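None of the values given here were measured: they were computed from a predicted structure.
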Amino acid sequence: QVQLVESGGGLVQAGGSLRLSCATSGLTFSRYAMSWFRQAPGKQREFVAGMTWTGDRTYYADSVKGRFTISRDNAKNTAYLQMNNLEPEDTAVYYCAAKSLGYASTRSRDYTAWGQGTQVTISS
């Protein structure tokens with residue numbers, strides 16, 4: 001079956017960096033758009049970053065532009081989210097999501113596979 005497994009979360013100080021990974025199995029990774037979402041306590045899940053299945057386009061939420069970078073390694077069936085200059089407002093559970101072909105939608109309902117999430121906590 002399809003599995004997405006996130007890793008790399010943790011506790012860091014403001015201004016620090018983390019690199020999240022999303023290892024996938026059970027799907028043809030190269031034919032899936034991959035995105036990252038996050039959900040903070042008491043808030044709705046929100047789009048963070050996405051990449052088309054071809055890897056030629058990336059999309060970012062305004063709040064993370066210039067600080068986060070999404071990437072993918074089709075040989076390893078893995079997507080990444082490099083997060084730099086982290087802020088306390090970035091504290092959330094981060095989820096990776098897969099969507100067959102097409103663009104990386106900002107709507108969570110467009111994604112057919114999700115990971116279990118990894119906690120990111122930024123201290124001030």
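- Summarising the geometry, atom CG belonging to Leu4 is positioned 8.0 Å from atom OG belonging to Ser25; distances are rounded to the nearest 0.5 Å.
- Checking side-chain atoms of Thr28 against main-chain N and O of Ser30 turns up no donor-acceptor pair under 3.5 Å.
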key: Derivation of the side-chain contact (heavy atoms from CB on, under 4.5 Å) call for Leu20 and Thr118   = CA-CA 8 Å; Leu20 305 184; Thr118 185; 4.0 Å; yes
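- Under a 3.5 Å cut-off, the side chain of Glu6 and the backbone N or O of Gln116 do form a donor-acceptor pair.
- Summarising the geometry, atom CG belonging to Leu18 is positioned 9.5 Å from atom CG belonging to Leu81; distances are rounded to the nearest 0.5 Å.
- Between Phe37 and Tyr111, the ring-plane angle classifies as perpendicular under the 30° and 60° cut-offs.
- Taking the ring centroids of Phe47 and Tyr60, they lie at or beyond the 6.0 Å cut-off.
- Of all heavy-atom pairs between Ser35 and Ala104, the closest is OG-CB, 3.5 Å.
- Using a 4.5 Å heavy-atom cutoff, the side chains of Gln13 and Ile122 are not in contact.
- Between Tyr95 and Arg45, the closest side-chain pair of non-hydrogen atoms falls below 4.5 Å.
- Val120 has its side chain out of reach of Thr91: every pair of non-hydrogen atoms, C-beta onward, lies at least 4.5 Å apart.
- With contacts defined as side-chain heavy-atom distances shorter than 4.5 Å, the pair Tyr32/Thr112 qualifies.
- Between atom OG of residue Ser124 and atom CD of residue Glu89 there is a gap of 9.0 Å, rounded to the nearest 0.5 Å.
- In this structure, Val12 and Leu86 have side chains that are in contact, with non-hydrogen atoms separated by less than 4.5 Å.
- Within the 3.5 Å criterion, the main-chain N or O of Leu11 finds no donor-acceptor partner in the side chain of Thr121.
- In this structure, Phe29 and Met34 have side chains that are in contact, with non-hydrogen atoms separated by less than 4.5 Å.
- Nearest heavy atoms, Trp114 versus Ser108: CZ2-O, 3.4 Å.
- Note: Thr52 OG1 to Tyr59 OH = 6.0 Å, rounded to the nearest 0.5 Å.
- Atom OG1 of Thr24 and atom CZ of Arg72 lie 8.5 Å apart (nearest 0.5 Å).
- No side-chain N or O of Asn85 forms a donor-acceptor pair with one of Glu87 less than 3.5 Å apart.
- At a threshold of 4.5 Å between non-hydrogen side-chain atoms, the residues Ile70 and Tyr80 do not count as touching.
- If you take CZ on Arg31 and NZ on Lys99, they are separated by 12.5 Å, rounding to the nearest 0.5 Å.
- Side-chain atoms of Asp73 and Thr78 include no donor-acceptor pair closer than 3.5 Å.
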ask   = Can Arg38 and Glu46 be said to form a side-chain contact (heavy atoms from CB on, under 4.5 Å), step by step?
value = CA-CA 5 Å; Arg38 67 186 180 187; Glu46 64 174 358; 2.6 Å; yes
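- When atom types are taken as modelled, the side chain of Arg67 and the backbone of Ser63 share a donor-acceptor pair closer than 3.5 angstrom.
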